[in-house]
Amino acid sequence: MNISTRARNLVPSATLAIGAKARQMQADGIDVIGFAQGEPDFDTPDHIKEAAIQAARDGFTKYTATGGINELKDAVAAKLKRDNGLNYTRNQVLISCGGKHSLYNVFQALLNPGDEVIIPAPYWVSFPEQVKLCEAKPVIVHTSEAQGFRLNRQVLEPAVTARTKLVVLNSPSNPTGAALSRAELQGIAALAVERGFGIVSDETYEALVYDGYQHVSIASLGDAVYAHTIVVNSMSKAYAMTGWRLGYAAGPAEIIKAMDGLQGQMTSNPTSFAQRGAVVALTGSQEPTHRMREEFAKRRRYIVDRLNAMPNIRCHSPEGAFYVFPNVSALYGKRSGNTAITNSTEFTTFLLEAARIAVVPGVEFGNDNHVRISYATSMANIEKGMNRMAEAVAALG
Ligand code: PLP
């Protein structure tokens, strides 16, 4: 049987692929340090686990309503009010099997073939692929390293056409960690309202921000932009719950209803007892998240300093998430033995082989001058990994 064009055209997730390669090397006894993974190295806090275990013990193991239990929708609405100043009712909230699934539902609910979706680069790998799965067209807008990879109205506006249906915001960003200021968001919000396109605001990393940066949800900047925005968030990063597969979307009721309908024919509800854990995560103590953030903040400072101390490497200090995105292009043209390094993929292979550290090539995120390094690994690993990288880079001829 022939594989569909849709499936054949899909670019597999590079981050998952490199993580898998590093894990295979580790399984083969090679001491590889993983900087490729996009998940906290912390365990899910116990009180969250206990709630899910108790729910399973209580027999809360059957189908739930497709779009999630009311208790969790209410907890999401309360969180959006508490942290973001946003008002949503139950019929404006949908719980899905991960933020990735929430995004997929949004795109499937809104996009027709030929619609244009503006995606700022560097971008998270799934945005363009999910848009393409709707036969819509990703329109990539490049942000500059000099401006800290931050999008603003001036950079966005030239890409807007009559076919622009959505712009995807991801602040703080995977892979750059860049987070937008209130003023930048206000400019983008005004443009969306004037030109009539929607905003998908992926706020997955909002809890992980540093140096006093305050996350702002674009939907909170006025009634007009609120009506144009679908906010997407995830339990994965803020609560170290990647494997639980829970994310959510909030937005206009008719869009949420369409997403619920799609979900009803795809996955049905997210796991019943996992939802009970998520209720406790959102309504209980946020202390574990704060502690995680403090630890990430220390690692970020250390890794940025180490990278900037390496010759020919330049690393912007990002506002949030747990990634850095150093520029390594000054090393292109240098040689390791007989092999020349000419792009981010070759540099990544060089690091894996010569330094036994796994990073992700920037080309996968739409910028070949950089690599993505995740600092969601222990300080001891970061120190060891940066020592190895410094040594390997210094040996390049
Ligand atoms: N959005 C961004 C920007 C991400 O980096 C990720 C995960 O890496 C997600 C969404 C989805 O997370 P999940 O599907 O685990 O909720």
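The side-chain heavy atoms of Leu246 and Cys97, taken from C-beta on, include no pair separated by under 4.5 Å. Contact annotation: the side chain of Gln92 never approaches that of Lys73 to less than 4.5 Å [non-hydrogen atoms, C-beta and beyond]. Counting heavy atoms from C-beta outward, Glu203 and Val232 have side chains that stay 4.5 Å or more apart. Residues Ser329 and Phe347 have side chains not in contact (no heavy-atom distance under 4.5 Å, counting atoms from C-beta outward). Inter-residue side-chain proximity for Val32 and Gln26 is flagged as met; some heavy-atom pair is nearer than 4.5 Å. With a 4.5 Å cut-off on side-chain heavy atoms, Thr242 and Met235 do not count as touching. Using a 4.5 Å cut-off on side-chain heavy atoms (C-beta onward), Thr64 and Thr271 make no contact. Annotation: side chain of Val200 is not in contact with side chain of Leu169 (no heavy-atom distance under 4.5 Å).
Annotation: Asp223, atom CG; neighbour count of heavy atoms from other residues, nucleotides and ligands within 6.0 Å does not exceed 12. Counting heavy atoms of neighbouring residues, nucleotides and ligands inside a 6.0 Å radius, atom CZ of Arg293 exceeds 12 of them.
Between Met379 atom CE and Ile303 atom CD1 the span is 8.5 Å, to the nearest 0.5 Å. Atom OG in Ser171 sits 12.5 Å away from atom OH in Tyr205 (nearest 0.5 Å). Residue Ser378 holds its OG atom at 8.0 Å from CD1 of Ile33, rounded to the nearest 0.5 Å. Arg372 contributes atom CZ, which lies 14.0 Å from atom CG of Asn367 (distance to the nearest 0.5 angstrom). Atoms CG and CG, on Asn369 and Leu331 in that order, are 11.0 Å from each other to the nearest 0.5 Å. If you take OG on Ser234 and CH2 on Trp244, they are separated by 13.0 Å, rounding to the nearest 0.5 Å.
The cluster map of Ile, Leu, Val, Met, Phe, Trp and Tyr, joined by side-chain heavy atoms under 4.5 Å apart, puts Val168 and Leu94 in the same cluster. Cluster membership check: Val131 does not share its hydrophobic cluster with Tyr104, using side-chain heavy-atom separations under 4.5 Å among Ile, Leu, Val, Met, Phe, Trp and Tyr. Cluster membership for Val280 and Leu72, using ILVMFWY side-chain heavy atoms within less than 4.5 angstrom, is not shared. Note on Ile230: it does not cluster hydrophobically with Ile218, by side-chain heavy-atom contacts below 4.5 Å among ILVMFWY residues. The hydrophobic clustering, which links ILVMFWY residues whose side-chain heavy atoms are closer than 4.5 Å, places Val360 and Phe127 together.
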Worked check of ring-ring contact (aromatic ring centres under 6.0 Å, His included) between Phe322 and Tyr210:
CA-CA 10 Å; Phe322 44 64; Tyr210 314 110; 9.4 Å; no
When you look at Phe350 and Thr339, which way does the side-chain contact (heavy atoms from CB on, under 4.5 Å) test go after all the steps?
CA-CA 9 Å; Phe350 160 73; Thr339 317; over 6 Å; no
Verdict with reasoning, Thr164 to Arg195, per side-chain contact (heavy atoms from CB on, under 4.5 Å)
CA-CA 9 Å; Thr164 304; Arg195 301 291 292 270; over 6 Å; no
For Leu221 and Val216: C-alpha separation, side-chain torsions, deciding distance, then whether side-chain contact (heavy atoms from CB on, under 4.5 Å) applies.
CA-CA 9 Å; Leu221 297 177; Val216 176; 4.0 Å; yes
Test ring-ring contact (aromatic ring centres under 6.0 Å, His included) applied to Phe149 and His142, step by step:
CA-CA 8 Å; Phe149 299 109; His142 291 276; over 10 Å; no
One pair to check against side-chain contact (heavy atoms from CB on, under 4.5 Å): Lys137 and Asp115. What are the steps and the verdict?
CA-CA 6 Å; Lys137 185 179 163 202; Asp115 285 343; over 6 Å; no
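Defined by atom type and a distance below 3.5 Å, a donor-acceptor pair is present between the side-chain atoms of Glu346 and Thr342.
Of the possible polar contacts, none joining the Glu116 side chain to the Lys165 backbone as a donor-acceptor pair under 3.5 Å is found. Not one N or O on the side chain of Ser344 forms a donor-acceptor pair closer than 3.5 Å with the backbone of Val371. Side-chain atoms of Gln275 do not come within 3.5 Å of backbone N or O of Glu71 as any donor-acceptor pair. In terms of modelled atom types and a separation under 3.5 Å, the side chain of Thr289 and the main chain of Ala238 share a donor-acceptor contact. Asn91 places no side-chain N or O within 3.5 Å of a backbone atom of Ala253 that could act as its donor or acceptor partner. Not one N or O on the side chain of Thr229 forms a donor-acceptor pair closer than 3.5 Å with the backbone of Val231. Counting only distance, with no hydrogens or angles, the side chain of Thr66 and the backbone of Ser268 share no donor-acceptor pair below 3.5 Å.
For Lys79 and Glu206, the salt-bridge test passes: some basic side-chain N is under 4.0 Å from an acidic carboxylate O. Remark: Arg299 engages Asp41 in a salt bridge, criterion side-chain N to carboxylate O under 4.0 Å. Arg291 has no carboxylate O lying under 4.0 Å from a charged side-chain N of Glu294, or vice versa, which leaves the two without a salt bridge. Between Lys81 and Asp74 there is no salt bridge, since no side-chain N of the basic residue sits under 4.0 Å from a carboxylate O of the acidic one.
For the residue pair Ala121 and Gly366, the shortest heavy atom distance occurs at CB-O, 4.3 Å. Heavy-atom minimum distance, Thr176 versus Pro122: CG2-CG, 3.6 Å. A pairwise comparison of heavy atoms in Phe35 and Asn381 identifies CZ-O, 3.8 Å as the closest pair. Contact record, Ala330 with Asn312: CB-O, 3.6 Å, taken as the closest heavy-atom pair. Taking all atoms of both residues into account, the shortest heavy-atom contact from Gly187 to Arg153 is O-CD, 3.7 Å. Across Ala281 and Met241, no two heavy atoms sit closer than the pair CB-SD, 4.1 Å.
Taking the six-membered ring for Trp and thresholds of 30 and 60 degrees, Phe325 and Phe365 have ring planes more than 60 degrees apart, a perpendicular arrangement.
Sorted by first and then second residue, the salt bridge (Lys or Arg N to Asp or Glu O under 4.0 Å) pairs involving residues 177-189 (not counting sequence neighbours) are Arg150-Glu184. Every pair passing side-chain hydrogen bond (donor to acceptor under 3.5 Å, both in side chains) that includes a residue from residues 51-63 is listed here, sequence neighbours excluded: Gln54-Asp58.
Under the side chain to side chain contact (heavy atoms under 4.5 Å, CB included) rule, Phe107 has a single partner from Leu103, Leu110, Asn105, which is Leu103. When each of Ile119, Ile118, Val117 is tested with Pro138 by the rule side chain to side chain contact (heavy atoms under 4.5 Å, CB included), just one qualifies, namely Ile119.
A cation-pi geometry, defined here as NZ or CZ lying under 6.0 Å from the six-membered ring centre and within 45° of its normal, does not hold between Arg300 and Tyr375.
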Which pairs of donor and acceptor atoms, one on a side chain in residues 383-397, lie under 3.5 Å apart (sequence neighbours left out)?
unit_1 : atom_1 : unit_2 : atom_2 : d
Asn387 : OD1    : Arg306 : NH1    : 2.9
Asn387 : OD1    : Arg306 : NH2    : 2.9
Asn387 : ND2    : Glu383 : O      : 3.4
Arg388 : NH1    : Asp31  : O      : 3.0
Arg388 : NH1    : Ala355 : O      : 3.4
Arg388 : NH1    : Arg356 : O      : 3.1
Arg388 : NH2    : Asp31  : OD2    : 2.3

